[in-house]
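Here is the structure we will look at, set down as structure tokens.
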Amino acid sequence: MNRQAFNALLSEAHTRNDYSALIDLVPYARLIGIECLRLGDDMVFRLPAQADNIGNPVLPALHGGVIAGFMEHAALLHLLMFMGSAHLPKTIDFSVDYLRAGHYRDTFAQCQVWRQGRRVANVAITAWQTTQTEPIATARAHFKVDES
Amino acid sequence: MNKNPLVQRAERFLSALRHCQVLGMQVEAADKKGLTLRLPYSEKIVGNPETGGIHGGAITTLMDTTCGISTVCFLPDFEVCPTLDLRIDYMHPADPHKDVYGFAECYRVTPTVIFTRGVAYQDDPAQPIAHAVGTFMRLGSGAHIKSGFPEGKA
């Protein structure tokens, strides 16, 4: 997709507050079922409870890899939306700390771009289920962003 | 593939993880040196539609699972070990239409914590797509699968 077509898609999504077209571009995001909500100037990402995302069958709890994948993709979408680049940033590294069990229920994530350089962006991601002040996981990642 | 007891234990562990079944992950090898799992390439785990490359989330899931299950190669009995933290460093993007293998070993086992490390690769383990380091918690002998999981994830 070229930049113009992407920007049209993005502004359409912003206007309608419906980001499904943007999410549908990436098969993995569809697989785990990521959603995106705009609350004022904030973007909040949602991962609805879905049985196929379960790792621990006994609790039951979401697979830690799904929680991490959700957080990584939230950061990618966050950068896309605020950079206006038509290309997905590339992940350089990704580090996640698991703080609480990710139960079989909806999960939310929010991102904070701590530094956006010309080539590299540093993003912190927080994921929670009950309340944002009790995160189930925090992560930080570096992304290679494209200048064009 | 020879079905040694470690492979069987790893397969039993993996088969209980629904999301890993959705991704079609399989045990490739398991011995005293570590565990290798295979993540088959499929369109549904693509992260970059322009190149067909696999999403980092699927690689993270592969490495979280490989590091977590590699504990069966180093512990005498089955234990549930929730992930404390996991770090993935990407060396280069994965080639599309190729399976990804995850290898992991435990390089330090203490009574409370297990330190694991591994690589994700396609053709050559010496040319990995990604390096991974993960720390796992030991919940003690009371935390067996039959008695349910205490706080923490598998």
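The figures here come from the full heavy-atom set of this structure, side chains too, leaving out hydrogens, waters and symmetry mates. Letters A, B, ... are given to chains in the order of the sequence lines, protein chains preceding strands, and every chain is numbered from 1.
Neither B:Val133 nor B:Leu37 shares a network with the other; the hydrophobic side chains, linked directly or stepwise wherever heavy atoms of I, L, V, M, F, W or Y lie under 4.5 Å apart, form separate groups for each. Hydrophobic clustering, with ILVMFWY side chains joined whenever heavy atoms are under 4.5 angstrom apart, keeps B:Phe74 apart from B:Phe103. Linking Ile, Leu, Val, Met, Phe, Trp and Tyr whenever their side-chain heavy atoms come within less than 4.5 Å leaves B:Phe115 and B:Leu84 in two separate clusters. In the hydrophobic cluster analysis, where Ile, Leu, Val, Met, Phe, Trp and Tyr join through side-chain heavy atoms closer than 4.5 angstrom, B:Leu86 is grouped apart from A:Ile92. If you chain together hydrophobic residues whose side chains sit under 4.5 Å apart, A:Leu80 and A:Leu47 fall into the same group.
Rounded to the nearest 0.5 angstrom, A:Leu99 CG and B:Asp85 CG are separated by 10.0 Å. One finds the NZ atom of A:Lys90 at 6.5 Å from the CG atom of B:Asn48 (value rounded to the nearest 0.5 Å). The CD1 atom of A:Ile67 sits 9.0 Å away from the CG atom of B:Asp64 when rounded to the nearest 0.5 Å. With rounding to the nearest 0.5 Å, the separation of CD1 in B:Ile45 from CD1 in A:Ile32 is 12.0 Å. Between A:Tyr28 atom OH and B:Ile54 atom CD1 the span is 11.0 Å, to the nearest 0.5 Å.
Here A:Asp93 is the residue among A:Val26, A:Thr91, A:Asp93 with the most heavy-atom pairs under 4.5 Å with chain B. Taking B:Thr60, B:Leu62, B:Asp89 one by one and counting their heavy-atom pairs under 4.5 Å with chain A, the maximum is reached by B:Asp89. Heavy-atom pairs under 4.5 Å with chain B were tallied for A:Pro27, A:Ala68, A:Ala29; the largest tally goes to A:Pro27. Of the residues considered (B:Cys20, B:Pro93, B:Gly56), B:Gly56 shows the highest number of contacts with chain A, using heavy-atom pairs under 4.5 Å. Highest contact tally toward chain B, considering only A:Ala51, A:Ala141, A:Pro60, A:Gly69, is held by A:Ala51 [criterion: heavy-atom pairs under 4.5 Å]. Interface check for chain A: of the options B:Arg18, B:His131, B:Arg87, B:Lys44, the most heavy-atom pairs under 4.5 Å are formed by B:Arg18.
Residues A:Leu88 and B:Pro49 form a side-chain contact, since some pair of their non-hydrogen atoms from C-beta on lies under 4.5 Å apart. Taking the side chain as every heavy atom from C-beta outward, A:Phe94 and B:Ile59 never approach each other to under 4.5 Å. Counting heavy atoms from C-beta on, the side chains of B:Val80 and A:Val58 never come closer than 4.5 Å.
Contact of B:Val46 with chain A is made through backbone and side chain together, with heavy-atom distances under 4.5 Å. Looking at A:Leu76, the atoms closer than 4.5 Å to chain B (heavy atoms on both sides) all sit in the side chain, from C-beta outward.
Ring-plane geometry between B:His55 and A:His73 is classed as tilted, the angle between the planes lying from 30 to 60 degrees on a 0 to 90 degree scale.
Annotation for B:Ala16 and A:Pro57: closest pair O-CG, 3.4 Å, computed over non-hydrogen atoms.
For A:Arg30, the CZ atom is densely surrounded, since the number of other residues' heavy atoms within 6.0 Å is greater than 12.
Side chain of B:His19 to backbone of A:Ile54: no donor-acceptor contact under 3.5 angstrom is found.
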